[in-house]
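One structure is given here, and the rest of the page talks about it.
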There are 4 protein chains.
Amino acid sequence: MINRVVLVGRLTKDPELRYTANGIAVTSFTLAVNRPFSNQQGNREADFINCVVWRKQAENVANYLKKGSQAGVDGRMQTRSYENQEGRRIFVTEVVAESVQFLEPKNASGGGGFGSQESYGNPSPSPNPYEPANDGFQRNQGQAPGSGGQKGQTDLSDDPFASDGKPIDISDDDLPF
Amino acid sequence: MINRVVLVGRLTKDPELRYTANGIAVTSFTLAVNRPFSNQQGNREADFINCVVWRKQAENVANYLKKGSQAGVDGRMQTRSYENQEGRRIFVTEVVAESVQFLEPKNASGGGGFGSQESYGNPSPSPNPYEPANDGFQRNQGQAPGSGGQKGQTDLSDDPFASDGKPIDISDDDLPF
Amino acid sequence: MINRVVLVGRLTKDPELRYTANGIAVTSFTLAVNRPFSNQQGNREADFINCVVWRKQAENVANYLKKGSQAGVDGRMQTRSYENQEGRRIFVTEVVAESVQFLEPKNASGGGGFGSQESYGNPSPSPNPYEPANDGFQRNQGQAPGSGGQKGQTDLSDDPFASDGKPIDISDDDLPF
Amino acid sequence: MINRVVLVGRLTKDPELRYTANGIAVTSFTLAVNRPFSNQQGNREADFINCVVWRKQAENVANYLKKGSQAGVDGRMQTRSYENQEGRRIFVTEVVAESVQFLEPKNASGGGGFGSQESYGNPSPSPNPYEPANDGFQRNQGQAPGSGGQKGQTDLSDDPFASDGKPIDISDDDLPF
DNA sequence: TTTT
DNA sequence: TTTT
């Protein structure tokens with residue numbers, strides 16, 4: 001059934017790249033999308049929309065976008081639920097990006113050599129937009145994810161998992177492809 | 001900034017129509033949107049996306065759609081947060097529908113005389129898509145909401161507020177228009 | 001760059017299925033999409049939007065949709081140009097559908113056994129939405145297109161090319177995949 | 001019925017602002033939207049999509065965007081037809097923008113003081129997206145269109161109609177509001 | 001008739 | 001807490 005979302009906004013923080021147990025890259029980020037009108041108090045508000053991207057695009061986003069970057073997302077809405085630590089079921093709504101467009105100008109952010117290109121995971125894009133996007137991810141334990149060292153990565157944290165103490169609860173069996 | 005969502009799915013339950021303290025109609029409903037592919041286990045899953053509509057369209061939706069109805073939504077994603085009873089801040093992501101299209105055939109559901117028309121709130125549509133959609137609504141205490149008695153309403157509960165024991169926590173001061 | 005279209009409307013005519021020289025199916029159809037408001041004269045107008053679909057979906061559309069069928073399209077806008085018979089360059093804007101959703105009810109149109117399922121061309125959907133959609137197509141000369149005989153096809157013309165006298169001017173070399 | 005388009009691209013030329021006989025502003029421009037993949041010959045192609053905006057947004061676009069500017073459009077597809085000089089009926093497909101987002105960085109284009117804000121025509125946006133967008137427009141003969149002299153306008157032609165020799169064939173009777 |  |  002039809003499920004389509006298009007957003008343009010700015011990243012509220014640096015994106016977070018992780019890998020599933022099988023080395024599939026997944027990046028999550030939040031887009032702040034300003035509302036076109038001000039509220040009763042005269043302030044412009046924003047919506048903060050959680051997004052995930054998979055595979056090659058995940059690495060592109062992690063490498064080329066950072067807090068404050070302007071980006072466009074074309075994807076689908078996804079809902080899922082999980083049990084939190086108190087045993088409560090938490091419902092989550094987020095956007096699974098099928099493509100992410102970098103909208104920063106070429107000469108932005110000091111000198112990075114990246115432009116306004118779009119990020120696609122592979123020659124046939126949008127394989128399956130319904131990849132699981134569970135809360136916890138496999139911590140990448142040393143295996144080479146196959147993407148390191150792209151230009152632009154240096155302005156991200158060296159270890160994208162440094163702040164990630166979450167338990168392992170995703171395996172590639174969850175991936176529908 | 002760009003924030004656009006289009007969905008086609010089926011209502012998981014009868015829509016819920018409420019009124020703000022000032023008599024502004026707001027209807028909430030959840031769309032089940034089937035995913036185009038099956039998961040690892042071979043099952044087709046769905047996303048369950050919460051939607052709200054305001055004003056005239058709210059009444060149309062409440063009058064003409066019910067559990068299982070197929071509908072299209074064109075709107076925007078909205079996030080908000082509230083404190084729950086345990087003092088926890090809960091984040092909510094939902095779709096504010098600017099228009100809702102009824103996709104049931106004319107002769108559907110037995111004998112309702114409604115067709116495949118689209119629901120718009122007013123001649124100039126989509127006034128402000130960022131209307132508040134807080135969790136609790138004013139219980140309508142007897143004032144005429146200005147729309148009752150449209151054909152088709154009979155197949156809905158006579159008192160749309162009967163099951164609504166939520167506290168009053170929205171006033172028209174919150175409405176940005 | 002972002003290029004996204006979502007439409008719901010009704011086919012103005014039976015869809016036209018053709019095949020490229022290499023046997024790739026392509027179906028074209030026009031969606032009438034009613035405008036939400038009436039014009040100065042009080043009439044509801046419609047937009048008539050040309051759409052194309054490729055491969056498996058092309059065959060599904062040809063098999064299961066016909067004049068008057070309600071359908072949803074998720075795709076991209078595409079422009080192209082060609083020389084007409086007077087040597088004039090004609091510019092064309094159309095929608096390349098990545099997915100087509102059938103919105104007719106199960107029991108519609110007399111008894112056809114088709115439902116409200118979505119049509120996708122292959123397990124990894126939407127390979128390349130920028131397939132050429134030139135005006136003339138290869139007339140299928142006897143090779144098996146690989147899809148005949150699906151249920152529902154009987155209510156379409158036996159020979160989908162019978163009325164097609166257009167010259168051959170597309171080859172698979174034009175296909176970017 | 002659902003009819004939604006979202007585009008991000010670059011203006012192929014300076015936008016063209018005109019006025020109807022009643023002084024309603026309308027701006028037309030073409031967006032070049034790059035395709036995400038290269039064609040058979042290895043080149044990246046683009047789609048060239050004609051867009052129109054009305055009223056206040058028309059003036060904003062004319063004042064703040066120019067050839068090469070990056071912009072996002074959220075709107076609807078519209079078709080219309082007209083007789084050309086040879087008496088042939090020409091069919092036109094274009095996008096009626098309900099909102100236009102300026103995606104150029106704040107410090108772009110030398111020194112213009114405009115940022116990445118979105119252009120809306122009025123506090124209640126998107127009154128009627130189905131405004132006529134005929135080929136020829138009334139040449140504004142001296143009446144003040146009510147918007148001149150906004151900052152940024154200096155980098156546009158002083159007389160937006162200088163190159164416009166088209167006959168008058170639109171009147172406000174055509175405007176559905 | 002096309003943009004970076 | 002989920003629809004056909």
Original post:
If you check every side-chain atom of R10(D), which of dT4(F), dT1(E), dT4(E) has the closest atom?
Top reply: dT4(E)

Original post:
Can you check the E104(A) CD to dT4(E) P distance for me, whole Å?
Top reply: 19 Å

Subject >> Atom-to-atom span, CG of L103(B) to C1' of dT4(F) - whole angstrom >> reply: 13 Å

Original post:
Between dT2(E) atom C1' and E16(D) atom CD, what is the distance in whole Å?
Top reply: 13 Å

Original post:
Is M77(D) close to E94(D) at the side-chain level, that is, under 4.5 Å between some pair of heavy atoms?
Top reply: no

**OP:** State which of dT2(E), dT4(F), dT2(F) makes the closest approach to the side chain of F48(D).
**Re:** dT2(E)

**OP:** Give me the one residue out of V100(B), N63(B), V61(B) that meets side-chain contact (heavy atoms from CB on, under 4.5 Å) with T27(B).
**Re:** V61(B)

Original post:
Can you name the residues that form a side chain to side chain contact (heavy atoms under 4.5 Å, CB included) with E83(B), not counting sequence neighbours?
Top reply: R89(B)

Original post:
Between dT4(E), dT2(F), dT3(F), which nucleotide has the shortest distance from any of its atoms to the side chain of K67(B)?
Top reply: dT3(F)

Original post:
Over how many whole Å does the gap from F91(C) atom CZ to dT1(E) atom P extend?
Top reply: 5 Å

Original post:
Which nucleotide sits closest to the side chain of N34(B): dT2(F), dT3(E), dT3(F)?
Top reply: dT3(F)

Subject >> Whole-Å distance separating the NZ atom of K13(D) from the P atom of dT1(E) >> reply: 12 Å

Original post:
Expressed in angstrom and rounded to an integer, what is the separation of F29(B) atom CZ from dT2(F) atom P?
Top reply: 18 Å

**OP:** Name the nucleic acid region contacted by G9(D), choosing base, sugar-phosphate or nothing; use a 4.0 angstrom heavy-atom cut-off, strictly under.
**Re:** nothing

Subject >> Nucleotide dT3(E), atom P - distance to CG of N50(D) in whole Å >> reply: 14 Å

Original post:
Among all residues two or more places apart in sequence or in another chain, which pass the side chain to side chain contact (heavy atoms under 4.5 Å, CB included) test with T12(D)?
Top reply: T30(D), A32(D), F48(D)

**OP:** To the nearest Å, give me how far apart CZ (F102(B)) and P (dT4(F)) are.
**Re:** 18 Å

